[in-house]
Number of protein chains: 2
Amino acid sequence: MVREDEFVALCRSHGLAATHQRRVIYATVASLHGHPSPELIYEKVKKKIPSISLATVYNNVRTFLASGMLREVSMHHGSLRVEPNNHEHHHLVCVRCRSITDLHAKNLGLLRLKTQPRGFRVTRIAVDVLGICAACAAKEVSK
Amino acid sequence: MVREDEFVALCRSHGLAATHQRRVIYATVASLHGHPSPELIYEKVKKKIPSISLATVYNNVRTFLASGMLREVSMHHGSLRVEPNNHEHHHLVCVRCRSITDLHAKNLGLLRLKTQPRGFRVTRIAVDVLGICAACAAKEVSK
DNA sequence: TTACATAATGATACAAAATATCAGATAATA
DNA sequence: TATTATCTGATATTTTGTATCATTATGTAA
């Protein structure tokens, strides 16, 4: 379990109120050692706080993502996005507006696994270069 | 526009019936030169085939993904997945069951951009190693 | 080319995932 | 402690995606 005083300091440093719900949600994600969805987090947290609302879990997961206390496993574009299966390339993804731009594979240094993961047959390596796009950077300056 | 005979051959090689709807959907994705969602594809296709159903677009996008004629921009886990923002690591993602496993960063060769993308402030590089996990490979053999 | 079996389409209902709203409760701070 | 700002939880709504199934179109073989 996350220590009370540590959690208060963590929230403080991110400008967040240190509520009981937040502590339990955060501790639950930490304890799961996996890649839980908000629904799963909700199920687990409900055992500690039966009255908690799914909306609160969603709110706080979003808050934690925004503050960097949690991060997304892979960038989630809201809805499915597809592309022609043509040339090998990767993507620049803006963490603010979620816009996606192609990045030619040759712009990335040699990409290979040092050791093959046991029992996993690799078919492709997809790289997301995350950051802030020019448009979002411009908005930030103007604030 | 994708040529009729080419498209027929492409479908044939994937064991798919070459319907008019499929041709228009496929051509639309190719013409967009981006990373469209099924909703956007639907909007565009509807201009050519006003009677088309959203379900048909979804069906065929899924069919094209399964056959490899299209691919997903980034693996989509159905719902948002989060993790503690702790140590640097990447992910093994099974393209069949969508399970996610951590992959220590040191198992991946040096990862860097040869040229910084103009106007894009990079904050992190996330790598998804895509493939078939052991459980799914086992299922496949037993078929 | 026609006939037939198979597969795809489109309308619709449904389910899942996520967001918005807002009154009341709780936490931060002075 | 009192006051203000923020958060919570209930609920409604939106968005995204899937299931069902009668009708229609496609592929194949005679």
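Reminder, nothing fancy here: chain letters follow the sequence lines and each chain counts from 1. Since the structure is predicted, the reported quantities are computational estimates derived from the model, not experimental observations.
Looking at the side chain of B/R22, the nearest of the listed nucleotides C/dA8, D/dT8, D/dG9 is C/dA8. In the set C/dG10, D/dT28, D/dC7, the nucleotide with an atom closest to the side chain of B/R12 is D/dT28. Closest to the side chain of B/N60, from the set D/dG27, C/dT9, D/dT8, is C/dT9. Residue B/L80 places its side chain closer to C/dA18 than to any other of C/dG10, C/dA18, D/dG17. When the nucleotides C/dA17, C/dA20, C/dG10 are ranked by their closest atom to the side chain of A/R62, C/dA20 comes out on top. Comparing D/dT16, D/dC7, D/dT26 by their nearest atom to the side chain of B/A17 picks out D/dT26. Picking from C/dA28, D/dC7, C/dT12 the nucleotide with the shortest atom distance to the side chain of B/A55 gives C/dT12.
A donor-acceptor contact closer than 3.5 angstrom is absent between the side chains of A/D102 and A/H90. The closest side-chain donor-acceptor pair between A/H20 and A/E4, if any, does not fall under 3.5 angstrom. With no hydrogens or angles considered, no side-chain donor-acceptor pair links A/Q21 and A/Y26 at under 3.5 Å. Side-chain contact annotation: B/H35 with B/E72, donor-acceptor N/O pair under 3.5 Å absent.
Rounded to a whole Å, the OH atom of A/Y42 is 14 Å from the P atom of D/dT8. What separates CD of A/E43 from C1' of C/dA17 is a distance of 14 Å, to the nearest Å. Remark: C1' of D/dT13 and CG of A/L54 are 14 Å apart, rounded to the nearest angstrom. Straight-line distance from the CZ atom of B/R81 to the C1' atom of C/dA18: 15 Å, rounded to whole Å. Atom pair B/Q21:CD and D/dT24:C1' shows a separation of 10 Å (rounding to whole Å applied).
In this structure, A/H76 has its ring center no closer than 6.0 Å to that of B/H77.
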Report task. Verify side-chain contact (heavy atoms from CB on, under 4.5 Å) between B/R124 and A/V95, making sure each step is shown before the conclusion. Result -> CA-CA 10 Å; B/R124 184 161 73 91; A/V95 299; over 6 Å; no
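Among the heavy atoms of the strands, none lies under 4.0 Å from A/S37. Using a 4.0 Å heavy-atom distance criterion, B/S79 is classed as a sugar-phosphate-only contact. Using a 4.0 Å heavy-atom distance criterion, B/H77 is classed as making no nucleic acid contact.
Each of A/V8 and B/N59 was assigned the nucleotide of DNA chain C with the nearest heavy atom; the assignment lying further toward the 5' end belongs to B/N59.
Considering OG of A/S74 and CE of B/M75, their distance stands at 8.5 Å, rounded to 0.5 Å.
Distances shorter than 4.0 Å separate none of the side-chain N or O atoms of A/H20 from OP1 or OP2 on D/dT8. Proximity of A/Y58 to the phosphate of C/dT19: no side-chain N or O atom is located under 4.0 Å from OP1 or OP2. The side chain of A/T19 contributes no N or O atom lying less than 4.0 Å from OP1 or OP2 of C/dA27.
Comparing the axis of the opening five pairs of the helix from C/dT1-D/dA30 to C/dA30-D/dT1 with that of the closing five pairs yields an angle of 50°, rounded to 10°.
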